[in-house]
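Beneath this line is the structure, given in structure tokens, with notes to follow.
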Amino acid sequence: TRTVYAVRRIGNCQSTAVAATVFVNPKPETPVVPPTFACAGSSATLEVEDTDNEGVVFWFSDPLGADLWEVGNEFTTPSLFQYTPYYVFRKDTTTGCISDVGTTWVIVDNFTYVSSATVVDNPICTGETGIIKVATTDIFSCVQLYDWNFDLVDEICLPDDDPDETDEEWVADFEVGPFDAPGEYIFYVQESDGFLFCPSQQLSVLIIVKDGPEAPTVSNDGPACEGEDVMVMASTVPGATYLWNGPNGFSSTEQNFVLNNVTIANAGDYFVTVKIGNCTSQSAVTKVVVYPVPSIVGEPTSNSPLCEGETLELNAEVLNPDGLEFEWTGPNGFESSIQSPTIANVTEADNQGFYTVVVTDKITGCSSDPKSVLVSINRAPTGVSATNSGPACEGEDIKLSASYVFGASYEWSGPNAFTSTDRNPILENVLVVDAGTYSVIVSIGDCSSEPVSTNVVVYPTPTASAGNDITI
């Protein structure tokens with residue numbers, strides 16, 4: 001406060017001074033309003049921090065206070081598109097005093113970039129999913145995908161580890177679908193920056209969906225036995241390419257193909273799809289059945305070599321004879337359907353030669369490879385005769401003789417345990433005790449003739465007598 005004095009003066013005359021007291025009221029505190037941020041096209045709310053101070057706050061768009069916007073501790077701006085300052089002062093309603101003018105402002109984020117979005121392999125096919133690849137325009141942004149009804153499909157926020165410009169982390173991949181029907185499907189891409197998450201303009205993306213080709217009709221000419229060929233076939237789809245997949249990594253791009261010399265490993269499901277453009281059909285499948293072939297263990301066997309008149313025994317060894325059929329063939333029209341056939345009273349003319357067997361599975365009809373065994377049949381020597389050079393006197397030699405048979409062996413036997421393997425043995429210096437029957441057996445291999453005999457006659461030496469000695 002201060003005291004002032006007032007006098008009135010007329011001419012040279014002056015009144016007595018009158019004292020008056022003047023009271024000076026303080027100014028209100030200038031309002032404290034922190035600046036704020038807003039996305040382009042949106043409003044912002046400014047608020048006074050020091051609301052404890054008395055007085056009314058006035059908001060202006062100019063520093064002279066000519067353009068009043070709001071009265072109060074809070075002010076919501078209109079839609080903003082650029083940096084905008086605002087001015088405030090506080091008025092004491094009791095004293096009418098006005099504070100100094102304060103300044104605040106709104107920083108506007110003008111994020112109006114439009115993301116670059118493409119559809120991978122557009123158009124796509126019914127039943128497939130589509131990939132929308134969005135290349136972002138700001139580090140640490142989030143990308144939103146909306147469908148044709150403007151419903152949010154998905155949001156992908158990229159990492160905040162500062163990728164470089166070529167980093168795949170700058171790309172957001174949205175998977176949409178699968179699409180059950182053909183048509184054109186529109187999606188909208190919008191990007192929000194990593195500062196205020198202000199949205200960009202929306203970019204439309206069109207996915208075209210087409211019907212894929214029908215799956216072909218498939219078949220094969222099996223079942224087959226091991227070692228045979230199987231043809232696998234698919235119906236013709238005009239303009240299509242084919243892709244087959246099967247057991248053991250099998251693949252083929254032929255419409256039809258042949259499996260040569262099949263084994264059990266070739267059995268199984270073979271799948272095929274056809275493709276026209278980018279569209280692939282559903283897969284079709286055909287099952288290839290391969291039956292195992294019966295196996296003969298080793299080679300067929302026999303009890304050969306044989307002599308005429310003996311019984312031939314044949315055999316084919318298998319691991320499990322159940323359900324198998326045997327087919328033997330051989331010389332002189334021989335046939336048999338049992339595993340181990342026999343032939344009695346064999347002869348060289350009728351039964352010597354190769355005997356072949358084939359084993360067949362009665363259910364599948366698959367047959368083994370034919371296998372053979374050679375049967376040898378030897379004739380026993382016939383027409384054999386035995387003779388000797390006797391009669392002989394004691395002290396002489398006697399020659400035994402047997403018929404000549406090519407490749408034969410001889411076995412003689414006779415009195416006094418006589419034996420010999422010569423064809424024509426000699427009895428030297430015979431005695432009467434050497435007389436008797438001598439037999440010989442002639443053999444070729446294991447085949448022997450019936451024994452034949454010759455009778456040896458030995459005469460004793462005569463004894464001469466002249467009577468008693470006389471003297472003449």
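- Here the CG-CZ distance, from Asp147 to Phe187, works out to 6.5 Å after rounding to the nearest 0.5 Å.
- Judged by distance alone, the side chain of Ser449 and the main-chain N or O of Val442 form a donor-acceptor pair under 3.5 Å.
- Between Phe174 and Val153 the shortest side-chain heavy-atom distance does not fall below 4.5 Å.
- The CD1 atom of Ile363 sits 9.5 Å away from the CG atom of Leu324 when rounded to the nearest 0.5 Å.
- Between Phe257 and Phe250, the ring center distance clears the sub-6.0 Å criterion.
- Counting non-hydrogen atoms of neighbouring residues, nucleotides and ligands closer than 6.0 angstrom, the CD atom of Glu155 exceeds 12 such neighbours.
- When all heavy atoms are compared, the tightest approach of Thr76 to Ser43 is CG2-OG, 4.0 Å.
- Annotation: the span from Thr77 atom OG1 to Leu46 atom CG amounts to 6.5 Å, rounded to 0.5 Å.
- Looking only at distances, a side-chain donor or acceptor of Asn256 sits under 3.5 Å from a matching main-chain atom of Ala234.
- Annotation: side chain of Tyr355 is in contact with side chain of Pro331 (closest heavy-atom distance under 4.5 Å).
- A pairwise comparison of heavy atoms in Gln339 and Glu317 identifies NE2-CA, 4.2 Å as the closest pair.
- Within the 4.5 Å cutoff, the side chain of Val237 has heavy atoms near those of the Ile276 side chain.
- Enclosure of atom CG in Asp180 is not indicated, since only 12 or fewer non-hydrogen atoms of other residues, nucleotides or ligands lie within 6.0 angstrom.
- Pro247 and Ala265 make their closest contact through CB-O, 3.9 Å (heavy atoms, listed as atom of the first residue, atom of the second, distance).
- Residues Val230 and Tyr270 fail the side-chain proximity criterion, which asks for heavy atoms closer than 4.5 Å.
- In this structure, Asn266 contributes its side chain and Val290 its backbone to no donor-acceptor pair below 3.5 Å.
- With rounding to the nearest 0.5 angstrom, the OG atom of Ser453 is 11.0 Å from the CG atom of Asn388.
- In this structure, Leu427 CG and Asp397 CG are separated by 8.5 Å, a value rounded to the nearest 0.5 Å.
- When atom types are taken as modelled, the side chain of Tyr410 and the backbone of Ser403 share a donor-acceptor pair closer than 3.5 angstrom.
- The side chain to side chain donor-acceptor pair (under 3.5 Å) analysis of residues 362-376, with sequence neighbours excluded, yields the pairs Thr356-Ser372, Thr360-Ser367.
- Closest non-hydrogen pair, Val189 versus Ala117, comes out as CG2-CB, 4.0 Å.
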Please lay out, stage by stage, how Val120 and Asp173 fare under the test side chain to side chain contact (heavy atoms under 4.5 Å, CB included). CA-CA 10 Å; Val120 178; Asp173 290 340; over 6 Å; no
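- Taking the side chain as every heavy atom from C-beta outward, Val297 and Leu319 approach each other to under 4.5 Å.
- Counting only heavy atoms from C-beta outward, the side chains of Ser219 and Thr217 never approach each other to under 4.5 Å.
- Test Ser283, Ser251, Ser252 against Trp244 for side-chain contact (heavy atoms from CB on, under 4.5 Å) and you get one pass: Ser252.
- Of the possible donor and acceptor atoms, one in the side chain of Asp229 sits under 3.5 Å from a partner among the backbone N and O of Asn261.
- Annotation: Trp148 is in aromatic contact with Tyr185 [ring centroid separation under 6.0 Å].
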Kindly indicate, with the supporting measurements, whether the criterion side chain to side chain contact (heavy atoms under 4.5 Å, CB included) is fulfilled by Phe326 and Val359. CA-CA 5 Å; Phe326 296 81; Val359 180; 3.7 Å; yes
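- Although no hydrogens or angles enter the test, the distance criterion places no donor-acceptor pair under 3.5 Å between the side chain of Ser340 and the main chain of Ile338.
- Counting heavy-atom neighbours within 6.0 Å of Glu411 CD, excluding the residue itself, gives a total of 12 or less.
- When the shell of 6.0 Å around CG of Asp446 is examined, it contains 12 or fewer heavy atoms from other residues, nucleotides or ligands.
- In terms of the ring-ring contact (aromatic ring centres under 6.0 Å, His included) criterion, Phe81 has no residue partners (sequence neighbours excluded).
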Please assess Ser204 against Tyr188 for the test side chain to side chain contact (heavy atoms under 4.5 Å, CB included), listing each intermediate value before the final yes or no. CA-CA 4 Å; Ser204 63; Tyr188 299 94; 3.9 Å; yes
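- Within the 4.5 Å cutoff, the side chain of Val232 has no heavy atoms near those of the Val272 side chain.
- Within a 6.0 Å sphere centred on OH of Tyr83, heavy atoms belonging to other residues, nucleotides or ligands number more than 12.
- Between the side chain of Thr454 and the backbone N or O of Tyr438 there is no donor-acceptor pair closer than 3.5 Å.
- Closest non-hydrogen pair, Ala240 versus Val274, comes out as CB-CB, 3.9 Å.
- Between Trp328 and Leu314, some side-chain heavy-atom pair lies under the 4.5 Å cut-off.
- Looking only at distances, a side-chain donor or acceptor of Thr104 sits under 3.5 Å from a matching main-chain atom of Val33.
- A distance of 4.0 Å separates CD of Glu175 from OG1 of Thr129, quoted to the nearest 0.5 Å.
- Nearest heavy-atom pair, Tyr242 versus Ser235, reported as atom, atom and distance to 0.1 Å: OH-O, 2.8 Å.
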Verify side chain to side chain contact (heavy atoms under 4.5 Å, CB included) between Phe418 and Leu400, making sure each step is shown before the conclusion. CA-CA 12 Å; Phe418 172 80; Leu400 302 176; 3.9 Å; yes
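- Side-chain N or O atoms of Asn303 include one that pairs as donor or acceptor with a backbone N or O of Glu313 at under 3.5 Å.
- Paired with Glu394 under the rule side-chain contact (heavy atoms from CB on, under 4.5 Å), one option of Val430, Asn429, Asp434, Leu431 passes, and it is Leu431.
- The local environment of CZ in Arg423 is crowded, with over 12 non-hydrogen atoms from other residues, nucleotides or ligands closer than 6.0 Å.
- Applying the 6.0 Å contact sphere to CD of Glu450 captures no more than 12 heavy atoms from other residues, nucleotides or ligands.
- Asp361 places no side-chain N or O within donor-acceptor distance of the main-chain N or O of Pro294, the cut-off being under 3.5 Å.
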